[in-house]
Amino acid sequence: MANDPEEENVKPDPRQTLSKWLSRSMRIKMSDGRTLVGQFLCTDQARNVILGSAQEYLNYSENSQDEPRMLGLAMVPGKYIVSMQVDMD
Amino acid sequence: MLSSVGTVVYGVLVDFISNTMNEDVPKETPSPSPVPQWEQPPPAPEVTYNWVEVTDEFEKACNELDLGELVHAQHFGLFEAMSAIEMMDPKMDVGMIGKHATRKVLTFKQSVEEKNIKLNNLVPEELIVIMDTCQACILSWIEGQSLAQTVFTCLYLHDPYIIEDRCLKAFCIGVLKVCDMIKDKIYKANVFEEEDFQTLTYGFRFATNVTELRVVGMLKEAEDDLSRTIRTTKSNEQNDLTNAHKMSCLQGVFARIKFLRLFLQAIVPFGKKEMDVVQGSKKLLIQMSEQLEIINKTIKLGVPPITTEDGHEVSIGFEPLVNQRLLPPTFPRYTKLKSRYDLLPSYSDIIKKLLAIIEMSNFTSFQSTLDFIVTSSQCNPCVFTRSVLQIVFMADNRKVFGSHLLSDVLKESMRSFNAPPSFSPRYHVLQNNSKAKDVLDAFLARATRTINKLVQAYGHNYARQREKLAAILEDLAILQDDADRCDTDLQTIIQSLDPNTVRSHLTCFGSWTLHHILRVMTQYVLSGFQLELYSEHEYHYVYWYLAEVLLSWQMTTLNRAEGQLQRDETLNEQMQSSKSRSHKKAKKNKKKSRLHAKELLLVQGMQMMSAGTFKVMLGFFLDGKLKTPDCEFDNEATRYEHRFQPFLAVSTPPFMPYKQFREMTDVTQYYPPPSSRDLYMSSSKHFEQAKALYEKMAPSDETQQLLLVAKTNIVVGKLLAGGHTRKSTTKPGFDFSAHPVFPIIRVT
């Protein structure tokens with residue numbers, strides 16, 4: 001996790017890239033069509049992502065959402081992730 | 001691991017909901033909330049998100065991480081990660097769509113709108129399968145499954161009032177009412193744990209707006225309708241096969257409606273103080289068994305359920321997934337419902353147990369009632385019958401069987417146990433003394449509280465009962481101190497008021513309390529066998545503790561009580577004979593009847609069985625056929641102390657420490673030290689004594705089982721003593737199939 005100063009000038013450190021998204025809202029579309037929205041808390045090499053206070057939507061689009069279901073702390077295995085967005089506000 | 005963490009999350013979630021929702025919920029049900037939190041719309045999002053696509057960038061960054069490395073928010077580590085539910089894992093993710101996405105799950109309303117479900121003109125074959133599945137759901141529910149996954153998978157129950165078919169409508173409302181009744185009784189008795197009964201009702205309505213009487217009326221009307229149809233069908237001239245089939249279908253539906261009506265009528269009175277009404281349920285329950293036979297014969301007439309592509313059996317009018325979104329994230333997606341073909345055995349068992357409970361309400365002595373409660377808790381009763389037992393014993397008005405105060409019942413129990421002078425009808429010295437009365441009242445009040453708790457403990461499921469009994473021992477220990485103090489105080493009062501009397505109050509209440517303590521302790525040890533907690537190499541000290549400590553103390557206690565009873569009788573007789581001499585002969589015969597004779601036999605028999613089993617075990621240890629595992633982290637002393645730890649709370653009988661057990665069972669202290677043969681021989685003798693005792697008793701299932709074990713073990717003991725299989729290295733076997741506590745010893 002420590003920043004390695006030697007690598008800094010070669011390309012952006014992946015840890016730093018990921019760290020800057022931590023605690024932000026994240027939207028993940030899963031392979032079965034559901035969408036989860038929650039706070040990005042943790043990830044690892046296999047792109048398993050843990051979202052805090054996650055809400056589950058069956059049909060999610062930018063403009064209209066159905067009623068979400070509260071899931072709480074949820075882990076999405078990397079292999080089921082179709083796409084992900086971070087809220088940069 | 002993760003799934004157990006999941007359960008924790010669910011528990012926390014439920015706690016959270018119950019904490020946050022309780023304030024504005026009507027208090028009538030302990031259910032946390034009529035509308036679960038996850039069903040309520042979340043607050044409208046105030047922020048609009050500025051979503052930025054990161055999929056590829058994220059993936060690339062992750063690929064560069066080391067194996068096992070985590071990028072995590074501050075204060076979020078592996079420990080917290082453990083409690084996350086894993087999406088797309090069928091065990092944890094109830095909302096997983098994947099496999100069953102092809103089947104559209106419709107609610108009742110949607111089904112009606114799309115005309116997918118019939119509201120009228122249901123044929124009898126359809127009614128039969130709907131009704132049977134409903135009953136199977138009720139049975140699954142009282143076995144601990146969630147309402148949302150059992151009873152309310154029946155779409156009709158979501159809104160029975162829009163059903164047009166009178167018969168089905170009445171049935172559905174009847175089912176709701178029955179569920180409501182069952183729920184009420186279970187809440188009232190309060191002997192359930194999360195594994196027995198799910199308290200969440202998910203806001204479903206239980207036909208609370210109609211009275212039981214009205215529901216019974218509706219069901220009766222449906223019965224009348226049906227019997228009219230049956231009559232016209234009967235008079236139908238074509239007497240062919242189709243007509244016969246139609247007849248049996250109609251009779252099947254009739255039996256189901258009647259069964260439900262009888263069930264509703266039978267369970268309503270439980271817990272009410274009017275015992276004659278409870279007695280009336282007996283007739284209804286017997287009628288239910290008759291209907292059950294007809295139901296069982298016609299189950300196969302129902303329309304067979306369809307198996308969906310995800311491998312689930314779905315009957316008409318049911319949708320197992322309809323409540324999926326109501327469930328907390330960690331619930332298993334499918335609940336295995338009871339089969340419709342299990343209706344007969346399951347309901348027969350419930351009816352049998354309810355009849356036995358009604359029978360219990362005729363018992364006159366507390367001891368026999370308590371015995372009944374203890375034994376009935378051992379045959380794995382469901383949460384409903386356990387609850388009914390509790391509320392019949394302690395009815396709505398907080399009286400035993402609705403008519404006697406528990407304190408009066410206990411007074412009577414003490415009087416018949418060892419006739420304390422304070423309750424003697426012929427000894428008035430204490431009755432008019434206010435100080436004595438205060439002392440007595442205080443003791444009775446505590447005894448009532450403790451015994452009440454004890455009875456309730458026996459209402460819990462067998463595994464929970466064990467931990468409850470351990471806790472009760474602490475209460476009983478306090479009661480014992482109280483009892484001893486009370487005895488001494490009353491004795492002082494007697495001596496000051498009536499210095500010449502030979503009556504003594506010492507060890508009266510003390511003995512009664514000790515008797516109960518020993519029974520609880522014995523039950524605690526025995527339940528370990530039924531729950532299969534002990535390892536084979538532990539049996540020897542468990543049986544030793546039973547034989548040498550608990551049961552031998554119990555023998556002493558019972559013999560002392562017997563002596564006290566006889567002394568009381570003699571004293572009363574003397575008083576009587578000083579007044580008139582005529583009754584003397586009659587009294588002499590009565591003297592011989594020993595009140596505790598039966599229990600003494602039972603206890604002594606058990607003691608002999610335990611001693612016999614212990615000696616065989618000891619012989620096996622000497623012969624090296626059994627060994628204590630010699631692990632670094634295993635220590636017999638620790639195990640021993642752990643097994644009997646709850647007994648530390650009680651001062652009498654004193655706890656027998658492990659060291660003392662070792663000393664007392666050390667064969668080398670004798671000269672010459674007994675060989676394993678001597679031990680086998682002596683064991684065989686113990687079993688012979690046990691056999692002789694059990695043969696004296698009135699034959700019952702239990703004594704027959706015990707006799708079988710004793711007789712077999714007599715032979716085994718003799719064979720072992722004769723050197724049979726001496727060289728064999730096979731481990732001896734312990735066969736508990738004949739009796740749950742005392743095994744048949746198997747040697748090969």
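Both backbone and side-chain heavy atoms feed into the values below; hydrogens, waters and symmetry mates do not. Labels below follow one simple rule: chain letters A, B, ... track the order of the sequence lines, proteins then strands, and each chain is numbered from 1.
Contacts between A/M26 and chain B at a heavy-atom distance below 4.5 Å involve backbone atoms as well as side-chain atoms. Only the side chain of A/I50 comes within contact range of chain B, with at least one heavy atom under 4.5 Å from a heavy atom of that chain. Contact of B/D66 with chain A is made through backbone and side chain together, with heavy-atom distances under 4.5 Å. In this structure, the portion of A/L36 lying under 4.5 Å from any heavy atom of chain B is its side chain and not its backbone. With a threshold of 4.5 angstrom between heavy atoms, B/Q74 does not approach chain A through any atom at all. Interface remark: A/V49 contributes side-chain atoms only to the contact with chain B (heavy atom separation under 4.5 Å).
Here the closest heavy-atom approach between residue B/T55 and residue A/R47 is recorded as CG2-NH1, 3.9 Å. Nearest heavy-atom pair across A/S25 and B/W51 is O-CZ3, 3.7 Å. Heavy-atom minimum distance, A/P14 versus B/A61: CB-O, 3.4 Å. The nearest pair of heavy atoms linking B/L65 to A/Q45 is O-NE2, 3.2 Å.
In this structure, OG in A/S19 is found 9.0 Å from NE2 in B/H72, a value given to the nearest 0.5 Å. Within the model, atoms CE of A/M30 and CE of B/M88 stand 5.5 Å from one another, a figure rounded to the nearest 0.5 Å. For the atom pair CZ (A/R15) and CG (B/L70), the distance works out to 11.5 Å, reported to the nearest 0.5 Å. To the nearest 0.5 angstrom, A/L73 atom CG is 12.0 Å from B/E86 atom CD. Put simply, CG on A/L18 and CD on B/E57 are 8.5 Å apart, with the number rounded to the nearest 0.5 Å. Taken from OG1 in A/T43 to CD in B/E59, the straight-line distance is 10.5 Å, to the nearest 0.5 Å.
Interface remark: of the candidates A/V86, A/L22, A/T17, A/V86 forms the most heavy-atom pairs closer than 4.5 Å to chain B.
Under a cut-off of 6.0 angstrom, the local environment of NZ in B/K60 is sparse, with at most 12 non-hydrogen atoms contributed by other residues, nucleotides or ligands. Within a 6.0 Å sphere centred on CZ of A/R24, heavy atoms belonging to other residues, nucleotides or ligands number more than 12.
For the pair A/I81 and B/F58, the minimum side-chain heavy-atom distance is 4.5 Å or more. Contact annotation: the side chain of A/L71 approaches that of B/M87 to within less than 4.5 Å [non-hydrogen atoms, C-beta and beyond]. Put simply, the side chain of B/Y49 reaches to within 4.5 Å of the side chain of A/V37, judged on heavy atoms.
For the pair A/D87 (side chain) and B/N50 (backbone), a donor-acceptor distance under 3.5 Å is present.
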